[in-house]
Every structure is written in C-alpha cells, then in structure tokens.
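Heads up, the thing below is written out as structure tokens.
Within every chain, numbering begins at 1; the chains are lettered A, B, ... in the order of the sequence lines, protein sequences first and strands thereafter.
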Amino acid sequence: MNRVLLIFKHEFRQTVGRTGFIILTIVPPLIALLAIGVSHTISGISEPSAEATGIGYVDEAGGFEQFTTQGNLNFVSFDTTEAATQALVNKDIEEYFVIPEDFVSTGLIRRYTTQRELTPPAATTTAIKNFISSNLLSGKVPETTVTRVEEPLNLVTITLTATGVVAPEQGGPGNLIIPIIVGIMLAVSLTFSSAYLLQGLAAEKENRLMEILLSSVSTRQLVTGKVMGIGSAGLIQVAIWVATVPPLLRLASSSLGGFISMIQIPPGLISLAILYFVLGYLLFAVLSVGIAAVSTSVREGQTLASIFTLWVIAPFWIISVIMLVPNSPAWVVLSIFPFSAPVMVMLRLGLTGVPTWQLAASIAVLVLCIIGGLMLAAKLLRAYVLMYGKRPGFGEIIRNLKSG
Amino acid sequence: MSAVEVSHVVKSYRNKVAVDDLSFFVSQNEVFGLIGPNGAGKTTTIRMMMDIVKPDSGTVTILGEKLSEASKHRLGYLPEERGLYRKLTVMDSIVYLASLKGMDGRLAEQRANELLSETGMLSHSGKRIEELSKGMGQIIQFIITIIHNPELIVLDEPFSGLDPVNTEILKKMLINLRGQGKAIILSTHQMNQVEELCDRILMIDGGHAVLYGGLSEIKAKYRSNSVIIDFDGELGQIAGVIEKRTNKNYVELVLEENTTPGQVLEQLVTAGIVINRFEVATPSLNELFVKVAGKNHE
C-alpha cells in the first residue's frame with residue numbers, strides 16, 4: 001500500500017480514537033440539546049398565566065377611568081394610596097402606581113411594588129404607557145391616531161441589489177446566526193486539528209521516533225500523510241456538527257418560535273466555509289510542521305503555536321464592536337490577514353457581506369502564505385527534525401532559512 | 001556486489017566538517033564495526049547511508065543502487081536516538097512500522113509473533129509501549145528493525161540499556177542474521193562487542209577514517225613486540241628481553257626489535273621453567289581505540 005496512505009490511515013485512526021476528539025465532537029451538539037431542553041423548561045415555567053394580573057392605581061390627576069384592561073393586565077382603581085398599599089400588602093394586587101395631580105405637566109408616575117427588580121418589566125411599562133395615552137387622547141383624536149401614538153412605526157428595511165432589485169438576502173439578526181455558528185465551528189476545528197498535528201509531530205520528535213520513520217519514508221510522505229489524516233478527521237468533525245444543526249434548529253423552533261423562521265444562510269456561506277476550513281487548516285498545518293521541527297517538546301510546541309492560533313478566535317473577542325461599526329477598515333485588514341481571515345470572513349458575511357475583491361484578496365493571501373509556509377516548514381523540518389534537546393535561537397533559524 | 005559503498009563523501013554543518021572525504025565498503029554476509037569517539041561523524045555517516053541526510057559531495061550506493069524511497073524497505077535501521085509510540089500496543093507498533101517497510105499486515109503480525117516468542121516477549125504483545133521497561137522497549141525496536149527481512153541492517157548502539165540476558169539474546173540473533181547472508185553495520189562504543197561480533201571495522205575520528213580493515217589484521221598491525229607468560233619457577237636473565245612487566249597473574253616480556261617470541265620460548269624451555277601460558281601480546285580493541293583516538297586528540 002502507498003506509504004502516504006498508510007500514514008494517512010494511521011493518523012486518522014489515532015485522531016478519531018482520541019478521547020479528546022470524541023468528546024469534542026459530541027459535546028457541542030449535546031450542549032445545544034441541553035440548552036434547548038433548558039429553554040423549553042424555562043418557557044414552560046414562565047408561560048403567561050391565563051388569569052389576569054391586577055395592578056392598582058390611584059388617579060389624583062383625574063380622567064383615567066377607561067381602558068383598564070391592557071392585554072393580560074387589569075388596572076384596578078383605588079381612591080387613596082393607603083387603600084392601594086393595603087391591597088398590595090394583602091396580595092389583592094401585584095403592584096400599584098400613582099398618577100399625581102400635576103402628571104400632565106411633569107409626566108411623573110410613581111410605581112409601588114414589593115418585588116426587588118433591576119428595571120420595571122417591559123410589559124408593565126408598555127401597558128401603563130398605553131393606559132395613560134389612551135385615556136389622555138380618547139375622544140380628542142381618531143382611534144387610529146391613538147394606535148399610532150402607541151405604536152408609532154413598524155420599520156421594515158428592504159435591501160436592494162446594485163441593479164435596484166430586491167436582494168435575495170435581506171440581512172438582520174437572523175442572517176448572523178448561521179455565520180456565527182459556522183465561525184465557532186471553524187475556530188474550534190482549526191485550532192484542534194492543527195493542535196493534533198503539532199502534538200503528533202512534536203511527540204514523534206520528543207519520543208525519538210522521527211529517525212525510525214525517516215528510514216522508511218521521506219519527510220514529504222510523512223508530512224503529507226499526517227496533514228491529510230488529521231485534516232480529514234477535522235473535516236469529519238465539522239461535518240458531524242453541521243449535520244446536527246438542522247435537527248437541532250427544528251427542535252429549537254418549538255421553544256424559540258418565530259425567530260427560527262427568520263434564520264437565513266448567506267449565499268455562498270457553506271462553500272466558503274469549506275474553502276476557508278481547507279485553506280485555514282493547510283496554513284496552520286504548515287505552521288505546525290515548522291513549529292514541531294524547532295520545538296524540543298510537545299508543550300514547547302503548543303506554547304509557540306498559541307501565538308498564531310489566538311488570531312483564529314480574536315474576531316469573537318471584538319464581535320460586539322464589529323456589530324456596532326460593521327464597515328471599519330480594520331475588519332477588512334483582519335479579513336485579509338491569513339490567521340484571522342477564516343473566522344472574520346464568516347462573521348462579516350452574516351453582518352454586511354464581504355465585497356468580492358476582499359474575498360479574492362483574502363483567499364489569495366492565504367494561498368500564498370500556505371505555499372511560502374510549506375517551503376519554510378520543509379526547510380525547518382530538514383534542518384531541525386533530528387536535533388534533540390536544544391531549541392535553535394530565532395537568529396539561527398533565520399540564518400538557516402536564508403542559507404537554505 | 002557490496003552491501004554498502006561509500007565513496008569520498010563530505011558533509012559539513014555550517015562551519016564544521018562532520019565527514020571529510022570518507023570511503024569504505026561493507027560486504028554481504030559480514031558484521032562491520034563502525035567505531036569512533038563521540039562527535040567523530042559516525043551518526044552523520046549512517047544518516048547519509050539511510051538517505052536521511054544528503055552528502056555535500058561523494059556517492060553512497062546501497063545494495064548496488066542509489067537509495068530511493070522504493071528501496072528503503074531493503075534496509076533495517078536502529079538509530080541511536082530511538083523511541084516508539086508510547087500509547088500504542090507492542091503488536092500495533094510493530095505492525096504499523098513494518099507496514100511502512102512494505103510488509104502485509106497479516107504477515108507482519110505472524111512474523112512479530114515469531115520474533116516476540118524468540119525474544120521471550122510474546123506475553124507482552126498486548127501491552128502499551130509505555131508499560132514496558134527500557135530494555136524491553138529496546139528489544140521491540142530491534143524486532144521492528146529486522147521484521148521485514150532486510151538485506152542490510154544498521155544498528156547504532158544496539159546494546160545500550162540491555163541487561164546481560166537480553167544482550168546475549170540480541171547477539172545470538174545478530175550471529176543468525178549474519179549466517180543468513182545479511183550485511184550488518186554495528187556502531188557502538190562497547191569494544192568487547194565489536195571484537196566478539198565484527199569481521200571488519202572502520203574507525204573514524206574528526207570525520208576521517210583512522211583505522212579500516214579486518215579486525216585481526218588491524219590488531220596484528222598494532223601488535224607490540226612482547227609476550228605474555230604465566231609460569232612456575234625463577235625466570236632469571238633472558239636474552240633479547242629489554243623489560244619485564246609483572247602483573248597479578250602474568251608477566252609481560254618486552255622484546256628487542258630483532259628478538260622473536262620463538263627464541264624467547266626456546267630459552268625458557270631450556271632453562272626448565274614450567275610454562276602454564278605463553279602468548280604473543282596483541283592489543284585489545286579498547287586499547288587500540290584509546291591509543292588512536294587519544295593520539296588524534298593530543
């Protein structure tokens with residue numbers, strides 16, 4: 001059998017048989033399943049009761065007698081604050097509020113409750129607001145005007161293409177969900193796949209296996225077999241995660257309701273995700289080969305590699321800033337910078353889209369870095385793979401790379 | 001056809017010449033000792049033979065051809081710096097590394113069982129490598145080196161870390177392999193093993209060949225003109241002897257240049273001395289090593 005294929009099979013089996021790999025593969029879908037279960041349970045507990053909630057009020061200003069039913073809330077009038085307080089203490093009402101005499105000029109409403117809370121519940125605030133505005137405007141303006149005052153606008157944005165037709169992808173939060181999920185998957189699988197490769201090579205060097213292997217195969221065969229074997233295991237991991245997304249989303253739709261229907265997959269996302277996984281993995285693979293060659297132990301190799309793998313997850317640290325300022329030139333740079341490009345491009349695809357020239361530049365830079373990295377890594381491997389116990393200095397590495 | 005032909009190879013690392021214009025050959029059916037002090041260039045020479053390191057100039061021919069990826073399975077190599085996959089079982093390690101040498105998996109398993117049985121390691125075949133002692137690991141590495149029936153076997157310090165029992169097992173296996181017509185290159189600092197096993201030797205120092213040829217020829221060449229005797233009685237004056245060196249169990253007589261051991265023996269017999277042992281003194285390989293290597297480092 002072809003030696004590359006033998007190494008491929010060996011590395012693939014070793015990787016998928018690792019406890020860490022198995023746990024990493026099954027844990028994310030399990031966490032998602034658990035989250036859906038918790039969400040179901042919480043929504044079941046917090047289901048609004050059919051019974052109306054009573055909220056008291058004291059009308060010192062006068063004129064607030066109508067519209068006492070707002071959704072599920074019933075407003076009960078009290079003559080004095082003492083009477084309302086007594087009803088609250090007796091748990092006849094949940095809370096009460098006072099409309100002072102000078103309300104129209106000040107807008108002040110005092111709310112009394114026995115619950116400790118950070119801010120008033122949004123539903124209660126809206127109900128009180130509608131109760132006040134309905135009573136203030138009733139009979140003075142048409143009914144529809146009252147409705148518009150309560151709900152001034154329903155802003156619907158329609159994105160057009162450059163030619164002026166409605167774009168197939170309309171953006172919004174639903175557009176960002178899948179790119180974020182894909183970005184996380186990319187970051188995790190790239191980090192772990194390259195870590196497995198680095199660990200394998202560094203361990204073979206540390207355990208003095210390299211010379212035995214090199215008496216049977218060439219460095220090219222060894223590295224190709226390893227990169228393919230571990231990369232395939234990483235790809236299968238991503239495929240398993242992707243395959244679990246549709247059933248999980250279907251399951252989630254029962255608890256998250258209409259939000260799931262908003263989810264869109266930006267065009268080209270899946271094919272770009274596969275392309276960026278392959279390119280990203282190859283880049284980190286050649287990097288891992290170079291690092292393993294100059295490292296004296298697995299631990300030292302992992303420490304060196306973290307300098308580069310940190311860039312993979314860096315876009316998630318600044319995701320809130322990216323959302324606030326989606327068109328900053330800094331994000332363009334991070335989309336072209338090869339170590340952050342895979343995840344950054346995924347996130348931007350969900351937010352604003354990525355112009356074709358930026359995608360082309362990002363892919364071209366990745367490809368160039370892979371080719372350049374491969375040549376450097378091969379040189380490092382040849383120079384240092386059989387050097388044990390002493391890590392070469394940076395200056396020595398540079399001199400060796402220059403001299404070839 | 002020679003098993004190995006190294007011709008005028010040179011290899012430098014930055015400013016240091018590791019191997020300088022080295023030439024030698026190794027025949028089939030012989031154990032060839034590659035010896036030399038630390039840093040002499042032995043490992044670099046072996047790595048060039050194994051095509052792990054490329055020579056700057058010169059040629060290396062292995063089994064009649066320039067070594068290629070396709071012909072690597074005709075070689076067995078046990079490097080000095082060696083290890084195994086710690087988490088794999090003994091059997092899985094042997095079968096995987098044998099498969100890289102072109103062996104079929106089932107055949108490798110069958111042959112592994114035979115060799116494990118021969119070395120008394122069969123009961124350990126299901127254990128992980130990390131569970132074995134260092135000596136046991138050495139035996140497994142040796143099995144991996146020879147399992148694919150290579151025509152040329154290169155062993156770098158094969159006896160280090162082995163107890164006397166395992167050393168004897170390994171030596172017997174080496175002698176058997178030579179009997180099967182294999183060419184064996186043995187690189188070691190244990191001169192007694194070289195004397196016991198090797199037919200010819202190459203000693204290198206500073207990248208150069210300093211001793212090369214048949215072991216007995218080399219020892220004869222470096223033989224001093226002296227005899228060793230163990231006797232009963234009084235030795236007295238012997239003509240042609242310039243120095244008597246008395247040791248615990250014998251006396252070494254250093255002879256004049258023109259005196260032969262036969263003339264001395266004749267005098268002793270005539271004098272009526274009872275001789276228990278009489279032999280021409282030849283230096284041990286260890287003494288030769290110290291002498292040659294020491295001279296080069298003065």
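With sequence neighbours excluded, the residues forming a side chain to side chain donor-acceptor pair (under 3.5 Å) with B:Gln193 are B:Lys171, B:Gln190, listed by chain and number. Judged as a side chain to side chain donor-acceptor pair (under 3.5 Å), and not counting sequence neighbours, A:Gln14 has no contacts.
Inter-residue side-chain proximity for B:Tyr96 and A:Lys9 is flagged as unmet; no heavy-atom pair is nearer than 4.5 Å. Counting heavy atoms from C-beta on, the side chains of B:Leu97 and A:Ser216 never come closer than 4.5 Å. Put simply, the side chain of B:Tyr77 does not reach to within 4.5 Å of the side chain of A:Leu214, judged on heavy atoms.
Atoms CG and CD, on B:Asp156 and A:Glu211 in that order, are 7.5 Å from each other to the nearest 0.5 Å. Separation of atoms CE (A:Met210) and CD1 (B:Ile52) is listed at 11.0 Å; rounding is to 0.5 Å. In this structure, the separation between CG on A:Leu209 and CD on B:Gln141 is 8.0 Å, given to the nearest 0.5 Å.
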| For A:Arg18 and B:Lys87, what are the C-alpha separation, side-chain angles and deciding distance, and is it a side chain to side chain contact (heavy atoms under 4.5 Å, CB included)? | CA-CA 11 Å; A:Arg18 280 169 190 257; B:Lys87 299 285 176 192; over 6 Å; no
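Interface residue B:Tyr85: backbone and side-chain heavy atoms are both found under 4.5 Å from chain A. Only the side chain of B:Leu88 has a heavy atom closer than 4.5 Å to any heavy atom of chain A. Contact of A:Ile7 with chain B is made through backbone and side chain together, with heavy-atom distances under 4.5 Å.
Of residues 100-109 of chain B, those residues lying under 4.5 Å from chain A by any heavy-atom pair are B:Leu100, B:Lys101. Residues of residues 110-122 of chain B placed with any heavy atom under 4.5 Å of a heavy atom in chain A are absent; none qualify.
Ranked by heavy-atom pairs under 4.5 Å with chain A, the list B:Glu80, B:His73, B:Arg82 is led by B:Arg82.
In this structure, A:Phe12 places its CZ atom where more than 12 heavy-atom neighbours from other residues, nucleotides or ligands lie under 6.0 Å away.
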